[in-house]
Amino acid sequence: MIDFRSDTVTKPTPAMRAAMAQAEVGDDVYGDDPTVNHLQEMAAEMFGFDGALFVCSGTQANLLALMAHCERGDEYLCGQQAHNYKFEGGGAAVLGSIQPQPLSNQIDGSILLSDIEAAIKPDDIHFARTRLLSLENTIGGKVLSQEYLAKAQALAFNRGLKIHLDGARVANAAVAQGIAIADITQYFDSVSICLSKGLCAPIGSILLGDERLISKATRWRKMLGGGMRQAGIIAAAAKLAITDQVERLAEDHDNARLLAQLLAEISEITVDLAAVQTNMVFVQLADDINPTILADILRRKGILISGGHNLRLVTHHDISQQDIITFVHEFKHALLKC
Ligand SMILES: *Cc1c(COP(=O)(O)O)cnc(C)c1O
């Protein structure tokens with residue numbers, strides 16, 4: 001199947017499978033797994049932090065960060081479209097007693113600095129304590145500018161807030177700008193990075209922070225049932241995700257651009273070319289197209305897309321340039337039938 005639903009569908013590479021088979025392991029809850037320890041040291045060093053924690057998902061990494069920064073009755077500022085507000089089951093509120101204060105995302109994915117300023121609550125018994133600003137990069141496939149990040153960091157610092165990055169796809173943001181991941185993560189007190197998306201690891205995310213944050217996060221991870229034992233098996237693949245898979249993301253970005261350009265020529269759909277900055281293409285179907293029938297026809301041709309009139313197509317390691325051309329061909333035919 002050619003699967004455009006998400007970059008989470010990428011399978012581990014042959015090199016990852018070999019590394020997993022040979023991984024040296026120990027009990028990571030005791031801190032004894034040499035492969036996990038090496039991954040965490042490598043990640044801390046590469047991305048410019050004192051510490052790193054290997055966790056089972058991006059959702060868990062974000063939750064641990066929120067719970068490490070905030071206490072019961074605190075709040076975090078984030079975008080209305082933020083994954084850690086909209087798509088993580090309300091975990092910060094449910095499990096952390098932390099209130100989200102969502103703010104509008106602009107077309108470019110940023111949150112206006114003036115909106116952030118205005119949302120910071122005064123120190124008054126009526127209000128939750130505003131503790132943290134949480135940004136996301138990339139957001140909806142879009143890259144936040146380095147100038148914006150610098151300004152957001154300065155604002156957070158001046159107002160006594162901590163600043164977290166949901167960097168699930170921060171590697172895509174770095175590659176799109178031709179800079180290092182550390183150039184982006186430098187602006188943040190904590191960062192979560194997904195290794196199981198475009199970077200192809202089967203499982204796992206990394207949380208970055210200072211020693212205090214990582215030690216709090218390690219305690220919460222254990223409480224949440226995220227303490228893993230011989231986790232070196234998956235950490236072996238995760239190491240290759242950060243060493244071998246980052247630069248390759250440029251191919252996904254090229255494929256997304258090619259896909260968008262080819263789709264832009266089709267009259268029944270609208271493609272926002274300016275929004276194609278990394279590995280995502282958003283396609284608006286005309287109202288009279290039935291998206292369920294469209295998806296069904298394509299499935300029978302070996303192509304998977306998610307439903308709805310606003311399609312998100314994601315390019316990744318397991319989609320080649322030829323797959324893009326095959327998709328556009330089949331997509332044009334399918335549109336005639338629905
Ligand atoms: C995927 C994603 C997550 C969560 O990662 P999981 O590993 O799926 O839990 C968090 N934030 C963003 C921006 C994501 O895209």
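One-based numbering, in listed order, for ligands and for the atoms of each. Only heavy atoms go into these numbers, but all of them, side chains included; no hydrogens, no water, no symmetry mates.
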Original post:
Taking only heavy atoms of Asn62, which atoms of ligand 1 are found under 4.0 Å from at least one of them?
Top reply: 10 (C), 11 (N)

Original post:
Can you list the atoms of ligand 1 that are under 4.0 Å from a heavy atom of Glu88?
Top reply: 10 (C), 11 (N)

Original post:
Are Glu75 and Lys121 within salt-bridge range, i.e. N to O under 4.0 Å?
Top reply: yes

Original post:
Looking at atom 7 (O) of ligand 1, what's its closest protein heavy atom, distance included?
Top reply: Gly58 N, 2.8 Å

Original post:
Can you check whether Leu294 reaches Ile305 side chain to side chain, under 4.5 Å on heavy atoms?
Top reply: yes

Subject >> Any N/O pair Asp166/ligand 1 closer than 3.5 Å >> reply: yes

Subject >> Where ligand 1 meets Ser57 - atom numbers and elements under 4.0 angstrom, heavy-atom basis >> reply: 7 (O), 9 (O)

Original post:
Under 3.5 Å between some N or O of ligand 1 and some N or O of Thr59?
Top reply: yes

Original post:
Which part of Cys194 is near ligand 1, with near meaning a heavy atom under 4.0 Å away: side chain, backbone, both or neither?
Top reply: side chain

Original post:
If we ignore angles and hydrogens, is there a donor and acceptor under 3.5 Å between the side chains of His83 and Glu88?
Top reply: yes

Original post:
Can Ser134 and Asn84 be counted as having a side-chain donor-acceptor contact under 3.5 angstrom?
Top reply: yes

Original post:
Does the distance from a Lys or Arg side-chain N to an Asp or Glu carboxylate O, for Arg229 and Asp33, drop under 4.0 Å?
Top reply: no

**OP:** Please confirm whether the backbone N or O of Ile120 pairs with a side-chain atom of Thr130, one donor and one acceptor, at under 3.5 Å?
**Re:** no

**OP:** Report the C-alpha separation of His164 and Asn62 in whole Å, then their side-chain angles, then the decisive distance to 0.1 Å, and conclude whether the side-chain hydrogen bond (donor to acceptor under 3.5 Å, both in side chains) test is met.
**Re:** CA-CA 9 Å; His164 172 72; Asn62 281 329; 2.9 Å; yes

**OP:** May I ask you to check whether Lys197 has an N/O atom sitting below 3.5 Å from an N/O atom of ligand 1?
**Re:** yes

Original post:
Can you tell me the protein heavy atom closest to atom 13 (C) of ligand 1 and the distance?
Top reply: Glu136 OE2, 3.2 Å

Original post:
Is the closest heavy atom of Arg169 to ligand 1 under 4.0 Å?
Top reply: yes

